[in-house]
Amino acid sequence: MSQIDAAVAKLARRQHGVFTLRQLLSVGGTKQMARRRCERGVWRSPARGVLAITGVPGSFEQRVMIAILACGDGAIASHRTAAQLLGISSRTTAPIEVSVPYERNPKQRSVRCHRSRDLELAEVQVRNGIPTTGPARTILDLGAVAPALAKAAMWRAMRTDSLRWEDLLRTLLDHSRRGRPGLGVLRALIHEHYGTIAGDSDTEELAYQILLDSGRVPIPERLVPVVCADGVEVTVDFGWPDQNALVEVYGVDHLRNESKIQIDLHRANQIILAGYELLIYTGKMLARPDQFVFDVETMLHRRGWTPGAAA
């Protein structure tokens, strides 16, 4: 076996028996070599710019990898394909779906390419060597193409501890924009869980009481004035000004009102850009008070607080 063949075999083992022409060239191969190997039946070309080693058994994972390599840099498995790879799909088969940056528009036969305006927000996971969207983003994307599958996939992910309600809430806030496909389905799923929580003021009182009763953190100031990075002055529910540490508590109205989500998400970004550390909670998240207190403790420690300074 030549040095080039050995390098190609190493690549192919990591990629379900496939590799790109560009990868071949990077290890010293040539286009002529690829053509000759395909003519002899040693390799085959399942998609433009993609090569596969003949004899490697075909599989769902191999078809996904071919699609990702053919769609180019930044492509990742998503939607129903991601649900299948993550083990949260209730179906035994799935179409091949790949997300790519919006400015790209690859055309691949038998592959559904989704041009995403917010692909940079996806937390990429690697499953069996294949880059894929994480569970929360996958639930959001399922809501766009297969709403009936989203709820079942969500509960499957919850049962395997690969997904938390906080993850879904953060995904909702991060991706919130008018017309974003799947957002309505995700909002409905979250509201089904958080919707029994009382209004904002009651939720804030609960959060304050948890911190007060814990005795583990300094008593926070309430309605802390903050100047955001864009120069707008706002008030934040709780804060420790000496540490530039803040906590916001959202009531259920934040989940029902898309325009309010947009405003609050923008505000949170501007607060963080101004140099503050900000934690965001909802009433349902406060059902785990120990976690809430631990998170606040961790934030304060990161900002230089020591337990001896507690009030």
### Message
Are more than 12 heavy atoms, taken from residues, nucleotides or ligands other than Arg35, located less than 6.0 Å from that residue's CZ atom?
### Response
yes

### Query
Which residues satisfy the side chain to side chain donor-acceptor pair (under 3.5 Å) test with Arg170, sequence neighbours excluded?
none

### Query
Looking at residues at least two apart in the chain, or sitting in another chain, which of them share a ring-ring contact (aromatic ring centres under 6.0 Å, His included) with His266?
none

### Exceeds 12 heavy-atom contacts within 6.0 angstrom, atom CD of Gln291
yes

### Set of residues satisfying side chain to side chain donor-acceptor pair (under 3.5 Å) with respect to Thr171, sequence neighbours excluded
none

### Task
Kindly work out whether a path of hydrophobic side-chain contacts (I/L/V/M/F/W/Y, heavy atoms less than 4.5 Å apart) joins Phe60 to Val145.
no

### Query
Less than 4.5 Å apart, any side-chain heavy atom of Leu212 and any of Ile219?
yes

### Ser214 side chain to Leu211 backbone, donor-acceptor under 3.5 Å
yes

#### Entry: Qualifying ring pair (Phe, Tyr, Trp, His ring centres under 6.0 Å) pairs with a residue from residues 17-49, counting only residues at least two apart or across chains
Phe19-Trp43

### Query
Leu85, Leu149: one ILVMFWY side-chain cluster at the under-4.5 Å cut-off?
no

### Message
Listing request: all side-chain hydrogen bond (donor to acceptor under 3.5 Å, both in side chains) pairs with a residue in residues 129-152, at least two apart in sequence or in separate chains.
### Response
Ser116-Arg137, Asp118-Arg137, Thr133-Thr138, Arg137-Asp141, Arg137-His175, Asp141-Arg180, Lys151-Glu192

#### Entry: Same apolar cluster (I L V M F W Y, side chains within < 4.5 Å links), Val247/Leu206
yes

### Task
Decide whether Leu51 and Val8 are clustered together by the hydrophobic rule: side chain heavy atoms of Ile, Leu, Val, Met, Phe, Trp, Tyr closer than 4.5 Å, transitively.
yes

### Query
Should we say atom CZ of Arg48 is surrounded by more than 12 heavy atoms from elsewhere, each under 6.0 Å from it?
no

### hydrophobic_cluster_shared for Phe238 and Ile280, side chain cutoff 4.5 Å
yes

### Task
Using the side chain to side chain contact (heavy atoms under 4.5 Å, CB included) rule, take Val236 and Ile271 through it: C-alpha gap first, then chi angles, then the decisive distance, then the call.
CA-CA 9 Å; Val236 179; Ile271 289 172; 3.8 Å; yes

### Query
In chain order, what residues pass the side chain to side chain donor-acceptor pair (under 3.5 Å) check against Arg127, with sequence neighbours excluded?
Gln125

### Query
Of all heavy-atom pairs between Glu61 and His16, which one has the smallest distance, and what is that distance?
CB-CE1, 3.5 Å

